[in-house]
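Below is one structure, written out as structure tokens; the observations come after it.
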Amino acid sequence: MAKSALLKSSLAKKYWMALTGLFLCLFLAGHLAGNLQLIFSDASAFNKYALFMTTNPAVKILSYLTYFSILFHAFDGFLLTYQNIKARPIGYAKNNPSKNSSFSSRNMAVLGTLILVFIVTHMVNFWAKMHFDKNMPLQTITVEQMGQKMDYYVTTDNGKFYPADASQLEQMGLEIRNRTEFYNKQANVKMAEGYKDLHKITVAFFKNSKFGLIATLAYVLAMFVLAFHLWHGFQSAFQSMGLNHPRYTPFIKGFGKAFAVLVPLLFAIIPVYIHFFLK
């Protein structure tokens, strides 16, 4: 009976859809707060944030929970859509969808599918490079000494910098292992760790002379899709869980609409700012 309720019940599917959807809303808010550093902070702050998000044990657990929620939310959405279609194979004789429901509510499956495609491409362009690309650059700073400019690797030890030149590193008896770790070759001792320069990768992606504008416009369009999905999904999640109250429901609906507009809007501003205004 429990198995049937968890896997087959329409009500159970709606509960899971609501819970995973609200959890992903929390993820969106946190992810937005980190990404806004691309506008309001510098490369060092953003790369420190990226390192924290990929190394902190608690955050890593939340990341795995997020991946699961995305997949489960999408799969559950497909099941509910298929179940609704199967339950009503023949449409109503008279049907005026524009008056009976909103555009968002009628097209949640399509909007969700487009968002899933965006998430996959987004992870390929950023998450996969951050984790697996052997050519992922390390963050550097440029220092001017005696009229000459030299680049140095920035390490997690703020007082330690190494020249971003392979020959100079060789002369110091150092080498880079595991993409970020600086080792003393003779002693085989780890001396420091550098920051993966996700800031540089992100800026280069949206300012690319060939496809930067297309990537920026595609990102903005994806945020429009996300806004429509959230417009119905946020308040629908509370309804699915039976959290309706004359006193609180208007606030939930108002907050949901504000969230659906503000969060995607701020996300969309980031690539626009990078492409057109970031020097």
Side-chain angles (χ1 to χ4, degrees), residues 27 30-39 41-68 70-71 118-145 149-212 215 219 270-271 274-275 278:
F27 162 76
H31 192 49
L32 174 62
N35 283 8
L36 283 174
Q37 293 183 76
L38 288 163
I39 296 178
S41 193
D42 56 13
S44 293
F46 183 74
N47 289 331
K48 286 179 181 179
Y49 153 75
L51 179 63
F52 174 79
M53 294 297 289
T54 54
T55 57
N56 182 275
V59 174
K60 290 179 76 172
I61 292 173
L62 286 175
S63 296
Y64 294 133
L65 183 58
T66 301
Y67 305 148
F68 169 80
I70 291 172
L71 293 174
F118 166 76
I119 291 173
V120 172
T121 56
H122 188 70
M123 292 186 72
V124 168
N125 289 316
F126 300 104
W127 182 88
K129 285 187 177 181
M130 179 77 172
H131 286 81
F132 306 114
D133 190 351
K134 294 181 179 179
N135 297 318
M136 181 76 188
L138 294 180
Q139 183 186 341
T140 62
I141 60 169
T142 302
V143 178
E144 186 171 350
Q145 295 177 328
K149 293 182 178 181
M150 292 186 62
D151 292 332
Y152 290 89
Y153 288 119
V154 179
T155 71
T156 55
D157 181 349
N158 292 327
K160 190 177 292 184
F161 300 93
Y162 293 118
D165 181 89
S167 60
Q168 292 186 14
L169 280 178
E170 181 72 23
Q171 292 174 9
M172 296 173 63
L174 298 173
E175 67 178 359
I176 300 175
R177 300 179 186 175
N178 304 318
R179 299 192 297 160
T180 60
E181 299 173 342
F182 293 88
Y183 267 81
N184 183 303
K185 293 192 292 183
Q186 185 175 1
N188 195 32
V189 174
K190 180 180 175 181
M191 305 298 292
E193 184 166 352
Y195 288 101
K196 294 177 182 178
D197 203 346
L198 185 61
H199 184 277
K200 182 177 182 179
I201 291 294
T202 305
V203 171
F205 182 81
F206 288 112
K207 291 188 77 70
N208 185 280
S209 58
K210 292 183 179 179
F211 60 80
Y219 193 102
I270 294 171
I274 291 174
H275 183 80
L278 187 64

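When a residue number appears, it is its place in the shown sequence, counting from 1. Only heavy atoms go into these numbers, but all of them, side chains included; no hydrogens, no water, no symmetry mates.
- Looking at Asn178, its side chain never comes within 3.5 Å of a backbone N or O of Thr180 through a donor-acceptor pair.
- Between Phe132 and Arg179, the shortest heavy-atom contact is C-NH1, 3.5 Å.
- Between Asn184 atom CG and Leu174 atom CG the span is 6.0 Å, to the nearest 0.5 Å.
- For the ring pair (Phe, Tyr, Trp, His ring centres under 6.0 Å) test with Tyr153, the passing option among Phe182, Phe161, Tyr162 is Phe182; the others fail.
- Taking both residues in full, the closest heavy atoms of Ala128 and Val124 are given as CB-O, 3.6 Å, listed atom of the first, atom of the second, then distance.
- At least one donor-acceptor pair closer than 3.5 Å links the side chain of Asn125 to the backbone N or O of Thr121.
- Across every non-hydrogen atom of Gln168 and Pro163, the tightest pair is OE1-CB, 3.0 Å.
- With a 6.0 Å radius and a threshold of 12 heavy atoms from other residues, nucleotides or ligands, Lys200 has its NZ atom at or below the threshold.
- Between the CG atom in Leu169 and the CD atom in Glu175 there is a gap of 10.0 Å [rounded to 0.5 Å].
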Q: Determine, step by step, whether Asp157 and Thr155 satisfy the side-chain hydrogen bond (donor to acceptor under 3.5 Å, both in side chains) criterion, reporting the C-alpha distance in whole Å, the side-chain angles of both residues, the deciding distance to 0.1 Å, and the verdict.
A: CA-CA 5 Å; Asp157 181 349; Thr155 71; 5.4 Å; no
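- Test Leu278, Thr202, Leu36 against Ile270 for side chain to side chain contact (heavy atoms under 4.5 Å, CB included) and you get one pass: Leu36.
- Atoms CG and OH, from Leu38 and Tyr49 in turn, are 9.0 Å apart once rounded to the nearest 0.5 Å.
- Qualifying side chain to side chain contact (heavy atoms under 4.5 Å, CB included) partners for Tyr67, counting only residues two or more places apart in sequence or in other chains: Ser63, Tyr64, Met123, Trp127.
- Residue Met172 holds its CE atom at 11.5 Å from OG of Ser167, rounded to the nearest 0.5 Å.
- Scanning both residues, Lys185 and Glu170, for their nearest heavy atoms gives NZ-OE2, 2.7 Å.
- Atom CZ of Phe126 and atom CG of Leu198 lie 7.5 Å apart (nearest 0.5 Å).
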Using distance only, find each side-chain donor-acceptor pair of residues 136-144 under 3.5 Å and give its atom names and separation, not counting sequence neighbours.
from	atom 1	to	atom 2	distance (Å)
Gln139	OE1	Asn47	ND2	2.9
Gln139	NE2	Ser44	OG	2.9
Thr142	OG1	Asp151	OD1	2.7

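- Between Tyr219 and Phe206, the distance from one ring center to the other falls under 6.0 angstrom.
- Here Tyr183 contributes atom OH and Glu193 contributes atom CD; the two are 9.5 Å apart, rounded to the nearest 0.5 Å.
- Of all the heavy atoms in Thr156 and Tyr195, the pair that sits closest is CA-OH, 3.6 Å.
- Take Lys60 and apply the side chain to side chain donor-acceptor pair (under 3.5 Å) test, not counting sequence neighbours, and it matches no residue.
- Using a 3.5 Å distance cut-off with no hydrogens or angles, the side chains of Arg177 and Asn188 do pair a donor with an acceptor.
- With contacts defined as side-chain heavy-atom distances shorter than 4.5 Å, the pair Asn35/Phe46 qualifies.
- A donor-acceptor contact shorter than 3.5 Å links the side chain of Lys207 to the backbone of Ile274.
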